[in-house]
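Structure, as structure tokens:
Both ligands and their constituent atoms are indexed starting at 1 by order of listing.
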Amino acid sequence: MSRNVALLFAAALSVSFSMAWAEDAPPASLDADGIVMIDNGGEVTLTADLTRPVGWRLWMADGPPRLVLELSEFTWTTAPEIRSTSIVGYNVIETGPSLSELHAVLREPLGILSAEMIAEEDGTALLEVRLQPTTADTFQTELEAQEDVAEGAKDRLVVAIDPGHGGTDPGAEAEDIRESDLVLEFAHRLRDYLVASGKCDVVLTRTEDKLISLDARLTAARAAEADVFISLHADALVDPDAASGIVIYRLDPNAASSANRRLTERHAPDDRLTGVDLADAEQDVNIALMDLARREAIPRTVALSTALLGTFQSAELVVNSRPERIGQFAVLKAADIPSILIELGFLSTEADLERLTSEDWQARVAEAIRDGLLLWAEEDKLR
Ligand SMILES: [Zn+2]
């Protein structure tokens, strides 16, 4: 029993990580039927009728015994309707922007039988939870099992994968290949390798051919509490002769101000890439605070770049003659998350194009990124 609950909790956790954040999408809210808790032939059923699927987690808590449902990217519009004799009352706590918890206080201990978010064809979603009365002992055992799972989740590396470009911005193009499609395909492949390792949770900043703002990409990474941010590109260079092989970019630590950044851009013409958005994403942030957090992330980001280059080289992948570089990409500016941008190769270079479109090569790169990330995460824990 407790094992089932633990697995269920793990499943709920992973659901909360698999959301894609669409640009400008307003938070979801309750649809016509709202949230209802009702007695149903010896069971208690909770249904949440939502305007679209959202990230969610479900767990039991003590003191007093209660069921907690967390919904992210969600705003309350109507009060829940409680029609179960097993529920004494409820409380809603807002724990962050568009993030809240419904606490249903239990009259008697309940166990979770099943919990599922069903995405409907019209874009809406139904969260359905089945609960069943249980003994106080079992309830306690389940609470402990939950804690074990939560501990386990803390050890997992949360990786934000950011496939560049999308939608109206195809990025670089060569023959009939668009950078936006290529990096999206590769991002899915990388996600599969990372998830299969059993040590990572993955959030993709976009899952379809759609333009996502740089801010929304960072927001998605933050919402998932990402430990690391990897932006994927395969750009074209102004001078195709100079560009071949994988390049790992990290942010120039000295480029704190946009004036400084412009200067650097002007003075590093060989790093000018087409298709990379250099927009300034820091209008509204406290630059001093951000710099502090960024400084702390710098040695960790350098170590990340080194670890990845190491695994690329051991896998005998073709890397650029200057494989580690600093760049001025707004998408790398998450102050507190070690962030890198990987040019998987250059679409403007024929040999790279051939490699980039090869499934075998993509698999080798994905494996090398997985190995580098896990190696880095081990070292990072000790730091
Ligand atoms: Zn690009």
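When each of T205, L341, V159, D162 is tested with I230 by the rule side-chain contact (heavy atoms from CB on, under 4.5 Å), just one qualifies, namely V159.
Summarising the geometry of E94 relative to S100, their closest heavy-atom pair is CA-CB, 4.0 Å, with the distance given to 0.1 Å.
Looking only at its N/O/S atoms, E179 has OE2 as the one nearest to the Zn ion (ligand 1). Within H233, the N/O/S atom positioned nearest the Zn ion (ligand 1) carries the name ND1.
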message: Using the rule given for salt bridge (Lys or Arg N to Asp or Glu O under 4.0 Å), can you reason through D227 versus R156, listing the C-alpha separation, both sets of side-chain angles and the distance that settles it, and then say yes or no?
response: CA-CA 9 Å; D227 297 308; R156 296 164 70 79; over 6 Å; no
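Heavy atoms of other residues, nucleotides or ligands lying less than 6.0 angstrom from CD of E354 number 12 at most.
Within the 2.8 Å limit, E343 places no N, O or S atom next to the Zn ion (ligand 1).
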